[in-house]
Amino acid sequence: MPGHFLNTAGLTREEIAQLIDSAFQFKRGDDQSKPLAGRSVALVFFNPSLRTRASMQVGIYELGGNAVVLEPGGTSWTLEHREGAVMDSDKTEHVAEFVRVLGRYCAAIGVRTFASLKNWEEERTDPILNAFAKYSEVPVINLESAMHHPCQAMADMLTIREKLGEGRKKVLLTWAWHPKPLPFAVPNSFALAAAQMGHDLIIAHPRGYELDDELMEAVRKQAAGAGGSVSLTNDVDESFAGAEVVYAKSWGSKKFYGNAEKDIAERAQYRGAWIVDEAKMARTNSAIFMHCLPVRRNVIVTDGVIDSSSSVVIDEAENRLHIQKAIMARLLA
């Protein structure tokens, strides 16, 4: 795994499996190595975080290193990322200097920068994340960008294997109603990683809430190469039939990207139907329920499902720690 860790697209199925094996070793306590001893990792947060921030800080510590946490506009200067920008407004420092200076202090840089949900054609290219990668002389780890959340997806694949064993599973990624439009990063990365692992992936969403066309083409190619499959449906009830994994997540519509009011009006009709409840879970093949968290109870999923024995959301969150340790150990060993 040379270079940056921006998404899983550049990894082979074998490399993903090796990272999962490494994560299991860390989780069991079989691997007590300290590859970050005497080194620091910068964590740059443009957005709020619980699991990502805590798991990265703890993971760096457990690998023997030191975490340097920075929040542009809060604990560090506001940042400009555009090339050729005339910086006569509210941005104080350019990523070109910020990143290269951090690289002189730190062995790697983790960056979390959500989509602003304003301009789809711009944000789908991950401009801030890619500016970090362009200027950095040390590995950059994507801690969630506009288009990808690879650490979460890797933790998801670890959790599926931990709970259900190796091999091909019937995996449902279902859209869920949420009072406002949310970014695409989690569903994008989950779909991509599930395809890379050769699962039979079903993506259920209302009409108008399709994922990115280019991303879906990559998902289909990965599934074909790994011996899995991809199918799409707008029938929320039928999509649960026989599923072994149910992954719930809401995301916005590209059609209304940058216009939250129109998206909110459009999605209102789906509130009653697009929720993971006991009746839908009863249609599955004793599926586990997964969500990246934070989750809105009785909006995305009912209390009865998330508090049931089928829910693995806390184990899934814990697995962020172990897989991120595996990723950092591989990048920085």
Side-chain angles (χ1 to χ4, degrees), residues 7-9 11-13 16-17 124 147-150 152-154 156-157 159-161 163-178 182-255 266-267 269-270 273-277 279-292 300-301 305 310 312 316:
N7 56 61
T8 64
L11 300 180
T12 66
R13 182 176 179 176
I16 293 175
R124 67 179 301 281
M147 279 292 285
H148 290 281
H149 197 349
Q152 179 65 56
M154 290 294 296
D156 297 335
M157 297 306 109
T159 304
I160 292 172
R161 180 169 147 190
K163 299 300 180 182
L164 301 178
E166 295 189 59
R168 188 172 174 177
K169 311 301 177 192
K170 188 173 184 180
V171 176
L172 168 63
L173 168 60
T174 179
W175 186 91
W177 182 83
H178 189 281
L182 298 178
F184 289 88
V186 169
N188 283 350
S189 287
F190 179 83
L192 182 61
Q196 289 176 281
M197 294 305 291
H199 294 305
D200 291 320
L201 175 66
I202 305 156
I203 305 177
H205 57 75
R207 296 185 190 280
Y209 286 86
E210 294 78 13
L211 296 178
D212 180 67
D213 292 339
E214 186 175 323
L215 182 280
M216 284 305 303
E217 182 61 27
V219 168
R220 291 186 183 95
K221 287 182 179 178
Q222 292 282 4
S229 65
V230 181
S231 60
L232 308 179
T233 181
N234 303 126
D235 189 327
V236 62
D237 292 312
E238 286 302 318
S239 67
F240 281 75
E244 297 169 273
V245 176
V246 172
Y247 199 103
K249 189 68 180 78
S250 187
W251 59 86
S253 169
K254 300 189 300 293
K255 179 180 178 181
E266 175 70 16
R267 66 179 47 226
Q269 63 188 299
Y270 302 119
W274 289 82
I275 182 173
V276 180
D277 56 22
K280 294 186 184 71
M281 290 296 290
R283 300 177 65 89
T284 70
N285 182 14
S286 301
I288 58 173
F289 172 78
M290 301 179 69
H291 190 280
C292 60
I300 300 287
V301 58
V305 171
S310 65
V312 298
E316 181 184 358

As an exercise, state the distance from CH2 of Trp274 to OG1 of Thr174, rounded to the nearest 0.5 Å. 5.0 Å

Spacing of Met290 atom CE and Ile160 atom CD1 [to the nearest 0.5 Å]: 5.0 Å

Result block: side-chain N/O donor-acceptor pairs under 3.5 angstrom for residues 190-198, not counting sequence neighbours:
| from | atom 1 | to | atom 2 | distance (Å) |
| --- | --- | --- | --- | --- |
| Gln196 | OE1 | Thr8 | OG1 | 2.5 |
| Gln196 | NE2 | Thr8 | O | 2.7 |
| Gln196 | NE2 | Leu11 | O | 3.1 |

Under 3.5 Å, side chain of Thr233 to main-chain N/O of Ala204, donor-acceptor pair present? no

Between CG on residue Asn7 and CG on residue Asn188, distance to nearest 0.5 Å: 10.0 Å

Does some side-chain heavy atom of Pro183 sit less than 4.5 Å from a side-chain heavy atom of Trp251? no

Quick one: does Ser253's side chain have a donor or acceptor within less than 3.5 Å of a partner on Gly208's backbone? yes

Pairs satisfying salt bridge (Lys or Arg N to Asp or Glu O under 4.0 Å), at least one member in residues 231-255, at least two apart: Glu238-Arg283

Euclidean distance, Ile300 CD1 relative to Asp277 CG, rounded to 0.5 Å: 12.5 Å

Once you round to the nearest 0.5 Å, how far does NE2 of His149 lie from CE of Met154? 13.0 Å

Do Lys170 side-chain atoms and Thr284 backbone N/O form a donor-acceptor pair below 3.5 Å? no

When you look at Cys292 and Tyr247, which way does the side chain to side chain contact (heavy atoms under 4.5 Å, CB included) test go after all the steps? CA-CA 9 Å; Cys292 60; Tyr247 199 103; 3.5 Å; yes

Any donor-acceptor pair under 3.5 Å linking the side chain of Lys169 with the backbone of Leu164? yes

Quick note, salt bridge (Lys or Arg N to Asp or Glu O under 4.0 Å) partners involving residues 185-210, not counting sequence neighbours, are Arg168-Asp200

Provide the closest heavy-atom pair for Ala287 versus Val246 in the form atom of the first, atom of the second, distance. CB-CG2, 3.9 Å

Is the Phe289 ring parallel, tilted or perpendicular to the His291 ring (thresholds 30°, 60°)? parallel

Quick check for you: to the nearest 0.5 Å, what is the distance between Tyr209 atom OH and Asn234 atom CG? 12.5 Å

Any chance you could lay out the side chain to side chain contact (heavy atoms under 4.5 Å, CB included) test for Val305 and Lys280, step after step, and finish with the verdict? CA-CA 10 Å; Val305 171; Lys280 294 186 184 71; over 6 Å; no

Look only at the side chain of Trp177 and the backbone of Arg267, and say whether a donor-acceptor pair between them is shorter than 3.5 Å. yes

Just do the side chain to side chain contact (heavy atoms under 4.5 Å, CB included) check on Leu211 and Phe184 with the steps written out, would you? CA-CA 7 Å; Leu211 296 178; Phe184 289 88; 3.7 Å; yes

Taking the side chain from Asn285 and the backbone from Ala243, do they hold a donor-acceptor pair closer than 3.5 Å? no

Given 3.5 Å as the limit, does a donor-acceptor pair link the side chain of His148 with the main chain of Ser189, or not? no

Is the backbone of Ala226 close enough, under 3.5 Å, to the side chain of Arg13 for a donor and an acceptor to pair up by distance? yes

Would you please test Val230 and Met216 for side chain to side chain contact (heavy atoms under 4.5 Å, CB included) and show each step? CA-CA 9 Å; Val230 181; Met216 284 305 303; 4.0 Å; yes

